[in-house]
Enquirer: 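Okay, handing you the structure first.
Read the numbers this way: they start at 1 and go in the same order the structure lists the ligands and their atoms. The first residue in the sequence is number 1, and the count goes up from there.
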Amino acid sequence: MTTSSPSVAETDLGRKRRARRIGRALTDAHPDAHCELDHSNALELAVATILSAQCTDKRVNEVTPKLFARYPGAADYAGADRTELEELIRPTGFFRNKTDSLIRLGQALVERYDGQVPGRLADLVTLPGIGRKTANVILGNAFGVPGITVDTHFQRLVHRWRLTAETDPVKIEHAIGALFEKRDWTMLSHRVIFHGRRVCHARKPACGACTLTKLCPSYGTGPTEPAAAAKLLKGPRARDLAVAAGLDPELVPAQAVAVEVP
Ligand code: SF4
């Protein structure tokens, strides 16, 4: 596959246009993109996001049904028995620290917000266990307020695409926010993270099976040969991703489709 890598001397307008093309390609590649943490309200999402630190979303989703049933409101976390809560969330790792955060989160919500999760960034970031990244996840997915989630995948991909040279997450958030329509920020975040988990991996990105080759200055960071690249695709739609990149879906092994997406 031939590529025309964006030039080093790209103008701001050129970068914005390329960013929008990347956004459209991601929309086509990942129609299933969504928040991968199961939740039905803002408190559940806040709790799930705290549990997701250093843990896969899949593992969090295995723990939360029982947790949410046992602790339906902020007051339930505020008054939780520490040992019982620790046992429930132990599979997510760092369970003592996370238990601390959940109890203190429940207490802060009861004391300051009538037990409700507030819908403003300035309030959310004052809560225990909730940093700016988590706050943006909550705003975007529980309150419908557009937000950009700069996690490890998002950082890696926007750097590979050379959309910004910033390294500070807040500066990345602002730089990328300026390239896209605000209304698209939340879904863009999901799609970028989906692409990072399924195609553009940290160690070996599936360059030869990626739909962004013509827009990506880092094409060639991973294998470009179709058979080698197709093996690196992950998730239930791995074969659809191969087809979208113009490859034979049979090149994707069965285990790639069944593999747990990190
Ligand atoms: S997989 Fe390769 S071509 Fe695709 S976005 Fe990542 S670095 Fe670029």
Side-chain angles (χ1 to χ4, degrees), residues 1-10 14-34 36 56-57 148-167 169 172-173 175-180 184-253 255-257 259-262:
M1 191 177 294
T2 57
T3 62
S4 52
S5 292
S7 105
V8 176
E10 186 173 48
R15 185 177 304 109
K16 189 174 221 172
R17 284 190 175 142
R18 188 167 57 86
R20 299 286 177 97
R21 282 190 203 112
I22 288 174
R24 287 194 289 276
L26 291 172
T27 303
D28 291 342
H30 305 288
D32 55 334
H34 62 281
E36 296 193 83
T56 63
D57 289 357
I148 290 184
T149 308
V150 183
D151 74 349
T152 173
H153 300 288
F154 195 96
Q155 289 196 36
R156 181 177 73 255
L157 270 62
V158 297
H159 285 153
R160 281 183 175 162
W161 296 331
R162 294 199 200 131
L163 294 183
T164 178
E166 301 288 0
T167 53
I172 293 174
E173 190 186 314
I176 302 303
L179 297 172
F180 292 91
D184 295 332
W185 287 357
T186 303
M187 283 312 296
L188 173 78
S189 302
H190 291 321
R191 288 169 189 141
V192 172
I193 293 167
F194 257 56
H195 202 68
R197 286 177 163 159
R198 289 154 178 78
V199 183
C200 190
H201 313 295
R203 287 199 174 178
K204 261 197 184 180
C207 290
C210 176
T211 52
L212 302 181
T213 53
K214 292 188 176 145
L215 300 164
C216 177
S218 299
Y219 172 73
T221 302
T224 56
E225 196 270 316
K231 283 196 186 102
L232 298 169
L233 295 171
K234 282 192 183 143
R237 290 192 66 258
R239 292 203 166 116
D240 302 292
L241 291 169
V243 171
L247 303 188
D248 177 356
E250 293 305 317
L251 291 173
V252 179
Q255 62 267 35
V257 179
V259 80
E260 179 181 335
V261 176

Enquirer: Kindly compute the distance separating CD (Glu36) from CD1 (Ile193), expressed to the nearest 0.5 Å.
Expert: 8.5 Å

Enquirer: Under 2.8 Å from atom 6 (Fe) of ligand 1, which protein N, O or S atoms do you find? Ignore water molecules.
Expert: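 Protein N/O/S atoms under 2.8 Å of atom 6 (Fe) of ligand 1: Cys200 SG.
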
Enquirer: Rounded at 0.5 Å granularity, tell me how far CZ in Arg198 sits from CG in Asp240.
Expert: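 Going from CZ on Arg198 over to CG on Asp240, the span is 12.0 Å.
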
Enquirer: For residues Met187 and Thr27, determine if any side-chain heavy atom of one lies less than 4.5 Å from a side-chain heavy atom of the other.
Expert: no

Enquirer: Check the orientation of Phe194 and His30. Use parallel for under 30°, tilted for 30 to 60°, and perpendicular for over 60°.
Expert: perpendicular

Enquirer: Give, for atom NE2 of His190 and atom OG1 of Thr149, the distance between the pair rounded to the nearest 0.5 Å.
Expert: 6.5 Å

Enquirer: Can you sort out the partners of Ala228 under side-chain contact (heavy atoms from CB on, under 4.5 Å), two or more places apart, ordered by chain and number?
Expert: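 So Ala228 forms a side-chain contact (heavy atoms from CB on, under 4.5 Å) with Pro223, Glu225.
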
